[in-house]
Number of protein chains: 2
Amino acid sequence: MAEHQHTHDTKPLTKNQRLVLERLEKTDGPLSAYSILDELRDQGFRAPLQVYRALEKLVDVGLVHRLESLNAFVACRHPSCQNHQSIAFAICEQCGSVKEFSEARIAEDLTSWAAETGFMLKKTTIELRGLCKDCVAKA
Amino acid sequence: MAEHQHTHDTKPLTKNQRLVLERLEKTDGPLSAYSILDELRDQGFRAPLQVYRALEKLVDVGLVHRLESLNAFVACRHPSCQNHQSIAFAICEQCGSVKEFSEARIAEDLTSWAAETGFMLKKTTIELRGLCKDCVAKA
DNA sequence: GCAATAGACGTAATAGTATAACATTAACAA
DNA sequence: TTGTTAATGTTATACTATTACGTCTATTGC
């Protein structure tokens with residue numbers, strides 16, 4: 001399924017992929033596939049599959065990340081994301097903001113755990129839930 | 001069958017909670033809420049909410065974990081799980097097995113990231129996808 | 001040029017996951 | 001008993017995702 005080879009990916013985005021990506025990039029936070037669909041009806045989107053197909057490609061090439069714990073998607077905010085094996089997300093339960101980060105030590109720890117265990121690691125999902133700095137300050 | 005001991009869990013499980021937990025404990029792998037429902041129809045289960053309500057409580061007290069990337073649930077295999085802030089799961093994409101583990105260093109890394117960032121961490125989701133040792137050997 | 005092919009797209013239908021809303025029953029204290 | 005709370009039962013619905021199939025278009029090979 002998902003090959004993380006977007007360094008070699010030169011093919012341009014299709015129209016639908018571009019529309020979905022632009023919608024995500026304009027939004028400061030995660031969007032569900034169906035809310036993307038609703039926001040793209042004016043551009044001719046009619047069915048979920050148009051969104052899901054675009055998302056699949058965008059996630060493949062690393063321009064979009066899927067947040068498993070939210071069933072939602074965010075545009076990648078990381079300049080040239082391809083070197084980070086282990087991307088993590090901090091999701092604020094108050095304001096919904098999502099902060100993407102990448103810690104080398106965490107990636108190393110998971111890699112060494114996999115090596116010790118004999119697990120062939122393909123992909124990691126790391127999602128933190130809590131309150132962002134701003135929302136902590138307000139509380 | 002061993003009794004689980006949770007520090008903050010004094011109330012005994014209700015009938016539905018016990019049935020759902022037993023079903024998960026008998027199964028070597030994750031189950032979706034709806035497959036639990038199907039398997040408990042003989043015990044009188046009729047509607048998804050009976051399963052979801054039981055699962056919510058079981059997850060709360062730590063007897064069951066939710067796998068976000070699978071929309072599925074597993075019984076906790078960890079003796080006295082309450083001390084592990086950062087539980088992680090390695091999911092085999094070939095055979096579906098799930099290995100639960102807990103690495104102190106990862107928890108420390110995430111905690112220190114949160115401290116530096118001002119993020120008030122409530123819960124972490126760490127899910128690894130790949131091939132387990134056995135499936136790598138077979139390939 | 002012109003099939004043949006492959007990929008993106010459109011559309012309808014359906015499968016799978018989760019919760020809202022409300023009625024009923026059980027447990028139990030005043 | 002009666003009032004209260006928690007758990008349960010039930011129906012309906014919302015939300016998320018995929019299957020199946022048909023069309024269109026761009027490219028490839030002849």
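Everything numeric in this text was worked out from a predicted model, so none of it was measured. In what follows, chains are A, B, ... by sequence order, proteins preceding strands, each numbered from 1.
Side-chain nitrogen and oxygen atoms of B/Thr14 include none within less than 4.0 Å of the OP1 or OP2 phosphate oxygen of D/dA6. For A/Gln50, a side-chain nitrogen or oxygen approaches OP1 or OP2 of C/dG10 to under 4.0 Å.
Whole-Å rounding puts the A/Gln43 CD to C/dC9 C1' distance at 16 Å. Following rounding to the nearest Å, B/Lys15 (NZ) and C/dA27 (C1') show an atom-to-atom distance of 16 Å. Rounded to whole Å, atom P of D/dT18 lies 10 Å from atom CG of A/Leu55. Taking atom CG on A/Leu37 and atom P on C/dG10, their separation rounds to 12 Å, with Å as the unit. Atoms CD (B/Glu56) and P (D/dA6) sit 14 Å apart, rounded to a whole Å. Put simply, CG on B/Asn16 is 13 Å from P on C/dA27, counting in whole angstrom units. C/dG7 atom C1' lies 11 Å from atom CD of A/Gln17, rounded to whole Å. Between A/Ile36 atom CD1 and D/dC15 atom P the separation is 15 Å, expressed in whole Å.
In terms of heavy-atom proximity, A/Cys92 sits nearest to A/Cys135 at SG-SG, 3.7 Å. Of all heavy-atom pairs between A/Phe119 and B/Gly130, the closest is CZ-N, 3.5 Å.
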Show the distances under 3.5 angstrom between N or O atoms of the protein and N or O atoms of nucleotides 15-20 of chain C.
residue : atom : partner : partner atom : Å
C/dA18  : OP1  : B/Arg66 : NH1          : 3.2
C/dA18  : OP1  : B/Arg66 : NH2          : 2.2
C/dA18  : OP2  : B/Tyr52 : OH           : 3.0
C/dA18  : O5'  : B/Tyr52 : OH           : 3.4
C/dA18  : N7   : B/Tyr34 : OH           : 2.7
C/dA18  : N6   : B/Tyr34 : OH           : 3.2

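Among the protein residues, B/Arg46 comes within range of the sugar-phosphate backbone only, with heavy atoms under 4.0 Å from sugar or phosphate atoms but none that close to a base.
Counting heavy atoms of neighbouring residues, nucleotides and ligands inside a 6.0 Å radius, atom CG of A/Asp38 exceeds 12 of them. In this structure, A/Gln94 places its CD atom where only 12 or fewer heavy-atom neighbours from other residues, nucleotides or ligands lie under 6.0 Å away.
The shortest distance between side-chain heavy atoms of B/Phe45 and B/Val20 falls below 4.5 Å.
Between the side chain of A/Arg53 and the base of C/dG10 there is at least one donor-acceptor pair of N/O atoms closer than 3.5 Å.
The aromatic rings of A/Trp113 and B/Phe101 lie parallel to each other, their planes meeting at an angle below 30°, with 60° marking the opposite boundary.
Within the 3.5 Å criterion, the main-chain N or O of A/Leu19 finds no donor-acceptor partner in the side chain of A/Glu22.
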